[in-house]
Amino acid sequence: MTAPNTFLWGAATSAFQIEGAAHTGGKGPSIWDDFCRSPGRTAPDADGAITCDHVNRYREDVALMQELNLDAYRFSISWPRVLPTGRGYVNSEGLDFYDKLVDALCDAGIVPCVTLYHWDLPSALQIELGGWENESLPQLFADYATIMYDRLGDRVRYWITLNEPWCSVDGGYFAGVHAPGIRDRARGYLAGHNLMRAHGMAVAAYRASRNNQGAISLALNSSYYFPATDSREDEAAAERGMLDFAGWFGDPIYFGDYPPEMREAYGDLLPAFSDEDARLLQKSIDFLSINYYTSELARHDASVGGMRYRREQFTDRPRTSTNWAIVPEGFRELLVWLDRRYGGLPMYVTENGIALPDHADDAGYVDDPDRVAYLRDHFAAARSAMDAGVNLCGYFVWSLLDNLEWAEGFSKRFGLIRCDFETLTRTIKASGRWYADWIARGGWADNGHGAVLDSSAAGGER
Ligand code: PNW
(Lines give C-alpha, C1' and ligand atoms only; values in the text may rest on other atoms or scores of the structure.)
Protein backbone atom coordinates (compact mmCIF):
# COMPACT_ATOMS: atom_id res chain seq x y z
CA MET A 1 0.00 0.00 0.00
CA THR A 2 0.98 3.62 -0.25
CA ALA A 3 2.01 4.03 3.37
CA PRO A 4 2.21 7.69 4.30
CA ASN A 5 5.44 9.07 5.62
CA THR A 6 3.62 11.23 8.06
CA PHE A 7 0.85 10.57 10.50
CA LEU A 8 -2.54 11.81 9.27
CA TRP A 9 -4.66 13.82 11.70
CA GLY A 10 -8.20 14.20 10.46
CA ALA A 11 -11.88 14.42 11.17
CA ALA A 12 -14.79 12.33 9.89
CA THR A 13 -18.41 12.70 8.81
CA SER A 14 -20.99 10.74 6.82
CA ALA A 15 -23.28 11.72 3.98
CA PHE A 16 -26.70 11.27 5.57
CA GLN A 17 -25.58 13.03 8.74
CA ILE A 18 -24.31 16.25 7.16
CA GLU A 19 -25.26 16.62 3.50
CA GLY A 20 -28.92 17.63 3.55
CA ALA A 21 -30.29 18.08 0.01
CA ALA A 22 -31.93 14.71 0.65
CA HIS A 23 -34.70 15.27 -1.91
CA THR A 24 -32.95 17.61 -4.34
CA GLY A 25 -30.10 17.47 -6.84
CA GLY A 26 -31.53 14.32 -8.37
CA LYS A 27 -30.85 12.22 -5.26
CA GLY A 28 -33.07 9.21 -4.68
CA PRO A 29 -34.42 8.28 -1.23
CA SER A 30 -32.42 6.06 1.11
CA ILE A 31 -33.64 3.66 3.78
CA TRP A 32 -32.72 6.36 6.30
CA ASP A 33 -34.99 8.93 4.63
CA ASP A 34 -37.78 6.36 4.88
CA PHE A 35 -36.96 5.35 8.45
CA CYS A 36 -37.04 8.96 9.65
CA ARG A 37 -40.50 9.31 8.11
CA SER A 38 -41.91 6.23 9.84
CA PRO A 39 -43.88 7.52 12.84
CA GLY A 40 -42.41 6.60 16.19
CA ARG A 41 -39.21 5.03 14.88
CA THR A 42 -36.90 8.01 15.53
CA ALA A 43 -36.66 11.19 17.58
CA PRO A 44 -39.23 13.68 16.21
CA ASP A 45 -36.52 15.97 14.80
CA ALA A 46 -34.59 13.21 13.00
CA ASP A 47 -34.73 14.22 9.33
CA GLY A 48 -32.01 14.28 6.71
CA ALA A 49 -33.65 16.97 4.55
CA ILE A 50 -31.28 19.79 5.58
CA THR A 51 -29.01 18.67 8.47
CA CYS A 52 -25.81 20.78 8.00
CA ASP A 53 -26.64 21.66 4.37
CA HIS A 54 -23.11 20.54 3.50
CA VAL A 55 -23.98 19.96 -0.17
CA ASN A 56 -24.44 23.71 -0.52
CA ARG A 57 -21.80 24.76 2.01
CA TYR A 58 -18.94 22.36 1.32
CA ARG A 59 -16.55 25.17 0.38
CA GLU A 60 -17.05 26.83 3.75
CA ASP A 61 -16.57 23.44 5.42
CA VAL A 62 -13.31 22.78 3.59
CA ALA A 63 -12.10 26.24 4.69
CA LEU A 64 -12.97 25.29 8.29
CA MET A 65 -10.97 22.07 7.89
CA GLN A 66 -8.02 24.23 6.90
CA GLU A 67 -8.52 26.34 10.02
CA LEU A 68 -8.37 23.12 12.02
CA ASN A 69 -5.07 22.23 10.29
CA LEU A 70 -6.49 18.87 9.21
CA ASP A 71 -4.19 16.63 7.20
CA ALA A 72 -7.10 14.43 6.09
CA TYR A 73 -10.87 14.27 5.92
CA ARG A 74 -13.03 11.14 5.94
CA PHE A 75 -16.49 11.45 4.38
CA SER A 76 -18.96 9.09 2.77
CA ILE A 77 -20.67 8.96 -0.60
CA SER A 78 -24.44 8.74 -0.67
CA TRP A 79 -25.13 5.77 -2.96
CA PRO A 80 -28.62 7.10 -3.88
CA ARG A 81 -27.17 10.52 -4.74
CA VAL A 82 -25.07 8.81 -7.40
CA LEU A 83 -27.52 6.05 -8.36
CA PRO A 84 -31.01 7.23 -7.33
CA THR A 85 -32.49 3.73 -7.53
CA GLY A 86 -29.29 1.94 -6.59
CA ARG A 87 -28.48 0.66 -10.10
CA GLY A 88 -28.80 1.70 -13.70
CA TYR A 89 -29.32 5.43 -14.20
CA VAL A 90 -26.42 7.58 -12.94
CA ASN A 91 -27.23 11.04 -11.56
CA SER A 92 -24.44 13.18 -12.96
CA GLU A 93 -25.24 16.07 -10.60
CA GLY A 94 -24.55 13.77 -7.66
CA LEU A 95 -21.27 12.52 -9.12
CA ASP A 96 -20.25 16.10 -9.89
CA PHE A 97 -20.79 17.10 -6.26
CA TYR A 98 -18.27 14.53 -5.00
CA ASP A 99 -15.88 15.43 -7.79
CA LYS A 100 -15.94 19.10 -6.75
CA LEU A 101 -15.60 18.19 -3.07
CA VAL A 102 -12.51 16.08 -3.77
CA ASP A 103 -11.04 18.87 -5.88
CA ALA A 104 -11.66 21.40 -3.09
CA LEU A 105 -9.95 19.10 -0.59
CA CYS A 106 -6.95 18.52 -2.84
CA ASP A 107 -6.65 22.27 -3.49
CA ALA A 108 -6.65 22.80 0.28
CA GLY A 109 -3.94 20.16 0.75
CA ILE A 110 -6.30 17.84 2.63
CA VAL A 111 -6.13 14.10 1.94
CA PRO A 112 -9.57 12.68 1.09
CA CYS A 113 -10.58 9.36 2.62
CA VAL A 114 -13.79 8.01 1.08
CA THR A 115 -16.31 5.64 2.66
CA LEU A 116 -18.54 4.05 0.05
CA TYR A 117 -21.34 2.90 2.32
CA HIS A 118 -22.26 4.59 5.59
CA TRP A 119 -25.72 2.99 6.04
CA ASP A 120 -27.81 4.99 3.52
CA LEU A 121 -28.90 2.21 1.17
CA PRO A 122 -31.00 3.33 -1.83
CA SER A 123 -34.65 2.71 -0.88
CA ALA A 124 -35.38 1.00 -4.18
CA LEU A 125 -32.95 -1.79 -3.31
CA GLN A 126 -34.73 -2.35 0.00
CA ILE A 127 -38.23 -2.22 -1.46
CA GLU A 128 -37.63 -4.12 -4.69
CA LEU A 129 -34.97 -6.61 -3.54
CA GLY A 130 -35.21 -6.82 0.24
CA GLY A 131 -31.96 -4.95 0.84
CA TRP A 132 -28.89 -6.70 2.24
CA GLU A 133 -30.79 -9.96 2.68
CA ASN A 134 -30.72 -10.35 -1.10
CA GLU A 135 -27.67 -12.17 -2.43
CA SER A 136 -27.58 -9.93 -5.51
CA LEU A 137 -26.75 -6.81 -3.45
CA PRO A 138 -22.97 -7.45 -3.33
CA GLN A 139 -22.63 -7.25 -7.12
CA LEU A 140 -24.74 -4.07 -7.22
CA PHE A 141 -22.50 -2.57 -4.52
CA ALA A 142 -19.38 -3.49 -6.49
CA ASP A 143 -20.88 -1.89 -9.61
CA TYR A 144 -21.58 1.32 -7.70
CA ALA A 145 -18.09 1.22 -6.13
CA THR A 146 -16.53 0.90 -9.59
CA ILE A 147 -18.30 4.08 -10.73
CA MET A 148 -16.70 5.88 -7.79
CA TYR A 149 -13.19 4.41 -8.35
CA ASP A 150 -13.39 5.51 -11.97
CA ARG A 151 -14.53 9.01 -11.15
CA LEU A 152 -12.51 9.81 -8.00
CA GLY A 153 -9.74 7.23 -7.89
CA ASP A 154 -7.21 9.44 -9.69
CA ARG A 155 -7.23 11.70 -6.58
CA VAL A 156 -8.57 9.51 -3.77
CA ARG A 157 -6.01 7.09 -2.30
CA TYR A 158 -7.84 5.98 0.84
CA TRP A 159 -10.99 3.92 0.41
CA ILE A 160 -13.28 2.31 2.96
CA THR A 161 -15.95 0.00 1.58
CA LEU A 162 -18.39 -0.25 4.49
CA ASN A 163 -18.74 1.68 7.70
CA GLU A 164 -19.32 -0.54 10.73
CA PRO A 165 -21.23 -3.57 9.43
CA TRP A 166 -21.67 -4.49 13.12
CA CYS A 167 -23.88 -1.39 13.53
CA SER A 168 -25.78 -2.10 10.30
CA VAL A 169 -26.76 -5.49 11.69
CA ASP A 170 -27.06 -4.78 15.41
CA GLY A 171 -29.04 -1.55 14.95
CA GLY A 172 -30.83 -2.40 11.71
CA TYR A 173 -31.68 -6.09 12.22
CA PHE A 174 -31.28 -7.08 15.90
CA ALA A 175 -32.48 -4.08 17.92
CA GLY A 176 -34.47 -2.53 15.06
CA VAL A 177 -33.51 0.99 16.16
CA HIS A 178 -31.74 1.81 12.88
CA ALA A 179 -32.99 1.47 9.30
CA PRO A 180 -34.42 -0.80 8.02
CA GLY A 181 -35.83 -1.40 11.53
CA ILE A 182 -36.03 -5.21 11.53
CA ARG A 183 -35.88 -7.40 14.64
CA ASP A 184 -34.81 -10.86 13.57
CA ARG A 185 -31.49 -12.53 14.33
CA ALA A 186 -31.41 -14.88 11.33
CA ARG A 187 -32.18 -12.05 8.92
CA GLY A 188 -29.47 -9.98 10.59
CA TYR A 189 -26.76 -12.62 10.19
CA LEU A 190 -27.81 -13.00 6.56
CA ALA A 191 -27.64 -9.22 5.95
CA GLY A 192 -24.21 -9.15 7.64
CA HIS A 193 -23.10 -12.01 5.43
CA ASN A 194 -24.04 -10.18 2.25
CA LEU A 195 -22.33 -7.04 3.56
CA MET A 196 -19.14 -9.11 3.84
CA ARG A 197 -19.59 -10.51 0.34
CA ALA A 198 -20.15 -6.95 -0.91
CA HIS A 199 -16.91 -5.84 0.70
CA GLY A 200 -14.99 -8.72 -0.92
CA MET A 201 -16.36 -7.96 -4.36
CA ALA A 202 -15.82 -4.21 -4.05
CA VAL A 203 -12.19 -4.73 -3.02
CA ALA A 204 -11.63 -7.07 -5.97
CA ALA A 205 -13.17 -4.42 -8.23
CA TYR A 206 -10.81 -1.81 -6.78
CA ARG A 207 -7.73 -3.92 -7.30
CA ALA A 208 -8.83 -4.55 -10.90
CA SER A 209 -9.57 -0.87 -11.59
CA ARG A 210 -7.28 1.47 -13.47
CA ASN A 211 -7.08 3.74 -10.40
CA ASN A 212 -5.86 1.08 -8.00
CA GLN A 213 -2.80 2.89 -6.63
CA GLY A 214 -4.32 3.52 -3.21
CA ALA A 215 -5.28 1.47 -0.17
CA ILE A 216 -8.64 -0.02 0.76
CA SER A 217 -10.20 -1.24 3.97
CA LEU A 218 -13.45 -1.63 5.92
CA ALA A 219 -14.22 0.38 9.07
CA LEU A 220 -14.80 -1.94 12.01
CA ASN A 221 -16.26 -0.72 15.26
CA SER A 222 -15.82 -2.44 18.56
CA SER A 223 -15.92 -1.96 22.26
CA TYR A 224 -13.16 -3.60 24.25
CA TYR A 225 -14.49 -6.17 26.70
CA PHE A 226 -12.84 -6.28 30.10
CA PRO A 227 -13.69 -9.33 32.23
CA ALA A 228 -16.32 -8.44 34.85
CA THR A 229 -14.16 -10.16 37.51
CA ASP A 230 -10.68 -11.66 37.44
CA SER A 231 -12.09 -15.20 37.36
CA ARG A 232 -10.88 -17.43 34.55
CA GLU A 233 -14.45 -17.90 33.38
CA ASP A 234 -14.96 -14.17 32.95
CA GLU A 235 -11.62 -13.77 31.23
CA ALA A 236 -12.65 -16.41 28.70
CA ALA A 237 -16.05 -14.72 28.38
CA ALA A 238 -14.35 -11.39 27.58
CA GLU A 239 -12.28 -13.02 24.83
CA ARG A 240 -15.44 -14.59 23.39
CA GLY A 241 -17.03 -11.15 23.53
CA MET A 242 -14.13 -9.73 21.52
CA LEU A 243 -14.53 -12.42 18.86
CA ASP A 244 -18.28 -11.78 18.75
CA PHE A 245 -17.80 -8.02 18.33
CA ALA A 246 -14.51 -7.18 16.57
CA GLY A 247 -13.99 -10.71 15.23
CA TRP A 248 -17.42 -11.11 13.62
CA PHE A 249 -16.41 -8.84 10.74
CA GLY A 250 -12.67 -8.58 11.42
CA ASP A 251 -11.99 -12.29 10.85
CA PRO A 252 -13.74 -12.53 7.45
CA ILE A 253 -11.85 -9.61 5.92
CA TYR A 254 -8.53 -10.99 7.13
CA PHE A 255 -8.89 -14.79 7.32
CA GLY A 256 -11.87 -15.26 4.96
CA ASP A 257 -14.32 -16.68 7.53
CA TYR A 258 -16.08 -15.89 10.82
CA PRO A 259 -14.27 -16.88 14.04
CA PRO A 260 -14.54 -20.66 14.59
CA GLU A 261 -16.00 -19.96 18.06
CA MET A 262 -18.88 -18.08 16.43
CA ARG A 263 -19.52 -20.86 13.93
CA GLU A 264 -19.66 -23.36 16.78
CA ALA A 265 -21.91 -21.15 18.90
CA TYR A 266 -24.36 -19.98 16.23
CA GLY A 267 -24.49 -22.97 13.88
CA ASP A 268 -26.83 -22.45 10.97
CA LEU A 269 -27.53 -18.83 11.90
CA LEU A 270 -24.22 -17.94 10.23
CA PRO A 271 -24.33 -18.56 6.47
CA ALA A 272 -21.35 -20.24 4.80
CA PHE A 273 -18.98 -18.41 2.47
CA SER A 274 -18.44 -20.06 -0.91
CA ASP A 275 -14.83 -20.80 -1.85
CA GLU A 276 -14.96 -17.81 -4.19
CA ASP A 277 -16.30 -15.49 -1.43
CA ALA A 278 -13.61 -16.70 0.96
CA ARG A 279 -10.91 -16.16 -1.62
CA LEU A 280 -12.06 -12.58 -2.24
CA LEU A 281 -12.30 -11.86 1.48
CA GLN A 282 -8.90 -13.19 2.57
CA LYS A 283 -6.40 -10.34 2.89
CA SER A 284 -9.00 -7.98 1.49
CA ILE A 285 -7.77 -5.04 3.56
CA ASP A 286 -4.60 -3.02 3.08
CA PHE A 287 -4.93 -1.42 6.51
CA LEU A 288 -7.06 -1.87 9.61
CA SER A 289 -9.66 0.81 10.16
CA ILE A 290 -11.24 1.01 13.62
CA ASN A 291 -13.91 3.22 15.18
CA TYR A 292 -13.88 3.36 18.98
CA TYR A 293 -16.18 5.03 21.51
CA THR A 294 -16.47 2.94 24.67
CA SER A 295 -15.65 -0.30 26.47
CA GLU A 296 -17.83 -2.76 28.34
CA LEU A 297 -17.59 -5.69 30.75
CA ALA A 298 -18.23 -9.32 29.87
CA ARG A 299 -19.45 -11.89 32.41
CA HIS A 300 -19.65 -15.62 31.85
CA ASP A 301 -23.28 -16.71 31.62
CA ALA A 302 -24.13 -20.16 30.26
CA SER A 303 -27.81 -19.21 30.05
CA VAL A 304 -27.08 -16.68 27.32
CA GLY A 305 -27.41 -18.44 23.98
CA GLY A 306 -24.52 -18.58 21.56
CA MET A 307 -21.33 -17.16 22.98
CA ARG A 308 -22.35 -17.53 26.67
CA TYR A 309 -21.44 -14.09 27.95
CA ARG A 310 -23.44 -11.20 29.29
CA ARG A 311 -22.59 -7.61 28.36
CA GLU A 312 -22.45 -5.23 31.30
CA GLN A 313 -21.75 -1.52 31.46
CA PHE A 314 -19.12 0.16 33.61
CA THR A 315 -20.91 1.76 36.55
CA ASP A 316 -17.99 3.77 37.95
CA ARG A 317 -17.24 5.92 34.89
CA PRO A 318 -18.45 9.28 33.66
CA ARG A 319 -20.86 8.97 30.75
CA THR A 320 -21.35 10.86 27.52
CA SER A 321 -24.62 12.24 26.09
CA THR A 322 -25.05 8.93 24.27
CA ASN A 323 -24.73 7.24 27.69
CA TRP A 324 -21.42 5.56 26.87
CA ALA A 325 -18.87 5.10 29.64
CA ILE A 326 -15.56 6.88 29.05
CA VAL A 327 -12.81 4.20 29.06
CA PRO A 328 -9.61 5.36 27.32
CA GLU A 329 -7.55 2.40 28.54
CA GLY A 330 -9.96 0.10 26.69
CA PHE A 331 -8.96 1.93 23.50
CA ARG A 332 -5.32 0.93 24.01
CA GLU A 333 -6.33 -2.67 24.71
CA LEU A 334 -8.56 -2.80 21.61
CA LEU A 335 -5.79 -1.53 19.31
CA VAL A 336 -3.34 -4.06 20.76
CA TRP A 337 -5.93 -6.88 20.46
CA LEU A 338 -6.57 -6.05 16.79
CA ASP A 339 -2.85 -5.82 16.06
CA ARG A 340 -2.19 -9.24 17.60
CA ARG A 341 -5.10 -10.95 15.85
CA TYR A 342 -4.65 -9.32 12.46
CA GLY A 343 -0.91 -9.51 12.14
CA GLY A 344 0.61 -6.05 12.26
CA LEU A 345 -1.25 -4.29 9.46
CA PRO A 346 -0.99 -0.49 9.36
CA MET A 347 -3.88 0.86 11.38
CA TYR A 348 -6.08 3.97 11.20
CA VAL A 349 -8.50 5.15 13.84
CA THR A 350 -11.30 6.28 11.55
CA GLU A 351 -13.63 7.52 14.31
CA ASN A 352 -13.26 8.50 17.94
CA GLY A 353 -15.09 11.26 19.75
CA ILE A 354 -17.69 12.24 22.31
CA ALA A 355 -21.23 13.62 22.42
CA LEU A 356 -21.68 16.25 25.12
CA PRO A 357 -24.42 18.65 26.20
CA ASP A 358 -22.62 21.67 24.73
CA HIS A 359 -23.62 25.18 25.76
CA ALA A 360 -23.02 27.95 23.26
CA ASP A 361 -22.53 31.56 24.35
CA ASP A 362 -24.23 34.46 22.55
CA ALA A 363 -21.59 34.38 19.85
CA GLY A 364 -22.16 30.66 19.29
CA TYR A 365 -18.87 29.71 20.94
CA VAL A 366 -18.71 26.45 22.91
CA ASP A 367 -16.16 25.95 25.65
CA ASP A 368 -15.94 22.16 25.91
CA PRO A 369 -13.11 21.10 28.24
CA ASP A 370 -14.65 17.64 28.64
CA ARG A 371 -14.26 17.02 24.90
CA VAL A 372 -10.64 18.21 25.05
CA ALA A 373 -10.03 15.84 27.98
CA TYR A 374 -11.65 12.93 26.14
CA LEU A 375 -9.52 13.49 23.05
CA ARG A 376 -6.33 14.09 25.03
CA ASP A 377 -6.82 10.86 27.01
CA HIS A 378 -7.68 8.82 23.90
CA PHE A 379 -4.72 10.24 21.96
CA ALA A 380 -2.52 9.18 24.89
CA ALA A 381 -4.07 5.70 24.90
CA ALA A 382 -3.39 5.36 21.16
CA ARG A 383 0.19 6.54 21.66
CA SER A 384 0.63 3.93 24.34
CA ALA A 385 -0.65 1.26 21.93
CA MET A 386 1.97 2.47 19.43
CA ASP A 387 4.64 2.02 22.08
CA ALA A 388 3.35 -1.55 22.41
CA GLY A 389 4.02 -2.08 18.68
CA VAL A 390 0.78 -0.97 16.99
CA ASN A 391 1.56 0.64 13.63
CA LEU A 392 -0.93 3.49 13.88
CA CYS A 393 -0.73 5.80 10.87
CA GLY A 394 -3.67 8.16 11.29
CA TYR A 395 -6.49 9.30 13.52
CA PHE A 396 -9.85 10.83 12.53
CA VAL A 397 -11.94 12.56 15.18
CA TRP A 398 -15.70 12.02 15.04
CA SER A 399 -16.94 14.49 14.05
CA LEU A 400 -15.91 17.51 12.03
CA LEU A 401 -19.13 19.26 12.96
CA ASP A 402 -22.33 18.65 14.92
CA ASN A 403 -24.73 16.64 12.82
CA LEU A 404 -27.73 14.32 12.67
CA GLU A 405 -27.07 11.46 15.08
CA TRP A 406 -29.26 8.99 13.19
CA ALA A 407 -32.45 7.99 15.06
CA GLU A 408 -31.44 10.19 18.00
CA GLY A 409 -31.88 13.40 16.05
CA PHE A 410 -29.84 16.57 16.52
CA SER A 411 -29.45 16.60 20.29
CA LYS A 412 -26.25 14.50 20.41
CA ARG A 413 -23.44 16.86 19.52
CA PHE A 414 -20.12 15.26 18.54
CA GLY A 415 -18.55 18.15 16.58
CA LEU A 416 -15.24 19.94 16.83
CA ILE A 417 -17.30 22.67 15.18
CA ARG A 418 -20.72 23.73 16.42
CA CYS A 419 -23.54 23.81 13.89
CA ASP A 420 -26.54 25.99 14.77
CA PHE A 421 -29.32 24.02 13.10
CA GLU A 422 -31.59 27.08 12.87
CA THR A 423 -29.15 29.36 11.05
CA LEU A 424 -26.64 26.70 9.87
CA THR A 425 -23.86 28.92 11.22
CA ARG A 426 -20.64 27.06 12.00
CA THR A 427 -18.44 28.05 14.96
CA ILE A 428 -15.21 26.29 15.91
CA LYS A 429 -15.42 25.01 19.51
CA ALA A 430 -12.63 25.21 22.10
CA SER A 431 -11.93 21.54 21.31
CA GLY A 432 -11.53 22.41 17.63
CA ARG A 433 -9.00 25.09 18.48
CA TRP A 434 -7.20 22.71 20.80
CA TYR A 435 -7.08 20.08 18.04
CA ALA A 436 -5.77 22.65 15.53
CA ASP A 437 -2.96 23.44 18.00
CA TRP A 438 -2.25 19.79 18.60
CA ILE A 439 -1.82 19.19 14.87
CA ALA A 440 0.25 22.35 14.39
CA ARG A 441 2.64 21.19 17.09
CA GLY A 442 3.04 17.84 15.35
CA GLY A 443 0.74 15.75 17.50
CA TRP A 444 2.77 13.74 19.95
CA ALA A 445 6.05 14.85 18.44
CA ASP A 446 6.61 17.92 20.58
CA ASN A 447 5.25 16.34 23.68
CA GLY A 448 7.90 13.71 24.22
CA HIS A 449 7.72 10.19 22.93
CA GLY A 450 4.74 8.52 24.51
CA ALA A 451 4.34 11.20 27.12
CA VAL A 452 0.85 11.74 28.44
CA LEU A 453 0.07 15.42 28.15
CA ASP A 454 -0.14 17.33 31.35
CA SER A 455 -3.87 17.93 31.72
CA SER A 456 -3.65 21.55 32.89
CA ALA A 457 -1.45 22.48 29.94
CA ALA A 458 -3.64 20.73 27.40
CA GLY A 459 -7.02 21.80 28.72
CA GLY A 460 -6.23 25.45 29.00
CA GLU A 461 -4.97 26.07 25.52
CA ARG A 462 -6.88 27.88 22.85
C1 PNW B 1 -20.79 5.43 14.73
N2 PNW B 1 -22.30 1.32 19.48
O3 PNW B 1 -21.91 4.73 15.14
C4 PNW B 1 -21.11 5.88 13.32
O5 PNW B 1 -20.13 5.50 12.38
C6 PNW B 1 -21.39 7.34 13.20
O7 PNW B 1 -22.14 7.58 12.04
C8 PNW B 1 -22.06 7.84 14.45
O9 PNW B 1 -22.53 9.15 14.34
C10 PNW B 1 -21.04 7.73 15.57
O11 PNW B 1 -20.52 6.41 15.67
C12 PNW B 1 -21.57 8.14 16.92
O13 PNW B 1 -22.62 7.31 17.33
C14 PNW B 1 -21.93 3.92 16.26
O15 PNW B 1 -23.43 1.14 19.99
C16 PNW B 1 -23.17 3.66 16.80
O17 PNW B 1 -21.28 0.74 19.94
C18 PNW B 1 -23.29 2.80 17.87
C19 PNW B 1 -22.16 2.21 18.40
C20 PNW B 1 -20.91 2.46 17.86
C21 PNW B 1 -20.80 3.33 16.80
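Positions are given from 1 along the sequence. Atoms within a ligand are numbered from 1 in the order they appear, just like the ligands themselves.
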Practice problem: Considering only non-hydrogen protein atoms, determine which one is nearest to atom 10 (C) of ligand 1 and report residue, atom name and distance to 0.1 Å. | Solution: Tyr293 OH, 3.3 Å
Quiz item: Can you check whether Trp444 and Trp9 have ring centres sitting under 6.0 Å from each other?
Solution: yes
Exercise. Could you list which atoms of ligand 1 come closer than 4.0 Å to a heavy atom of Phe414?
Key: 12 (C), 13 (O)
Exercise. Heavy-atom distances under 4.0 Å are what count here, so tell me which part of Asn163 touches ligand 1: side chain, backbone, both or neither.
Key: side chain
Exercise. Measure the distance from atom 9 (O) of ligand 1 to every protein heavy atom, then report the residue, atom name and distance (to 0.1 Å) of the closest one.
Key: Glu405 OE1, 2.6 Å
Quiz item: Looking at Glu351, which atoms of ligand 1 are within less than 4.0 Å of one of its heavy atoms?
Solution: 1 (C), 4 (C), 5 (O), 6 (C), 10 (C), 11 (O)
Quiz item: Does a side chain donor of either Ser289 or Thr350 reach within less than 3.5 Å of an acceptor in the other side chain?
Solution: yes
Quiz item: So, His300 and Arg240: side-chain donor and acceptor under 3.5 Å apart, yes or no?
Solution: yes
Quiz item: Against heavy atoms of His118, which atoms of ligand 1 measure under 4.0 Å?
Solution: 4 (C), 5 (O), 6 (C), 7 (O)
Quiz prompt | NZ or CZ of Arg185 within 45° of Tyr173 ring axis and under 6.0 Å | solution = no
Quiz item: For atom 15 (O) of ligand 1, which candidate among Trp406, Trp324, Phe245, Phe16 holds the nearest heavy atom?
Solution: Trp324
Quiz item: Does ligand 1 have any atom that is closer than 4.0 Å to a heavy atom of Cys167?
Solution: yes
Quiz item: Can you say whether the rings of Phe75 and Tyr73 are parallel (under 30°), tilted (30 to 60°) or perpendicular (over 60°)?
Solution: parallel
Quiz item: Between the side chains of Arg332 and Ser384, is a donor N or O closer than 3.5 angstrom to an acceptor N or O?
Solution: yes
Quiz item: Going by distance only, is there an N or O of Asn291 that falls short of 3.5 Å from an N or O of ligand 1?
Solution: no
Quiz item: What atoms in ligand 1 come closer than 4.0 Å to a heavy atom of Asn221?
Solution: 20 (C)
Exercise. Check whether any N or O atom of Trp166, backbone or side chain, sits under 3.5 Å from an N or O atom of ligand 1, and answer yes or no.
Key: no
Quiz item: Just which atoms of ligand 1 are under 4.0 Å from any heavy atom in Trp119?
Solution: 3 (O), 4 (C)
Exercise. Before signing off on this row, confirm whether Ser14 and ligand 1 have an N or O atom pair separated by under 3.5 Å.
Key: no
Quiz item: Who passes side chain to side chain contact (heavy atoms under 4.5 Å, CB included) against Asp358, sequence neighbours left out?
Solution: Leu356, Val366, Asp368, Arg371, Asp402, Arg413, Lys429
Quiz item: Against heavy atoms of Glu164, which atoms of ligand 1 measure under 4.0 Å?
Solution: 1 (C), 3 (O), 4 (C), 5 (O), 14 (C), 21 (C)
Practice problem: Could you tell me whether the side chains of Ser14 and Gln17 share a donor-acceptor contact shorter than 3.5 Å? | Solution: yes
Practice problem: Test the Arg317-Phe314 pair against the cation-pi criterion, namely NZ or CZ under 6.0 angstrom from the six-membered ring centroid and within 45° of the ring axis. | Solution: yes
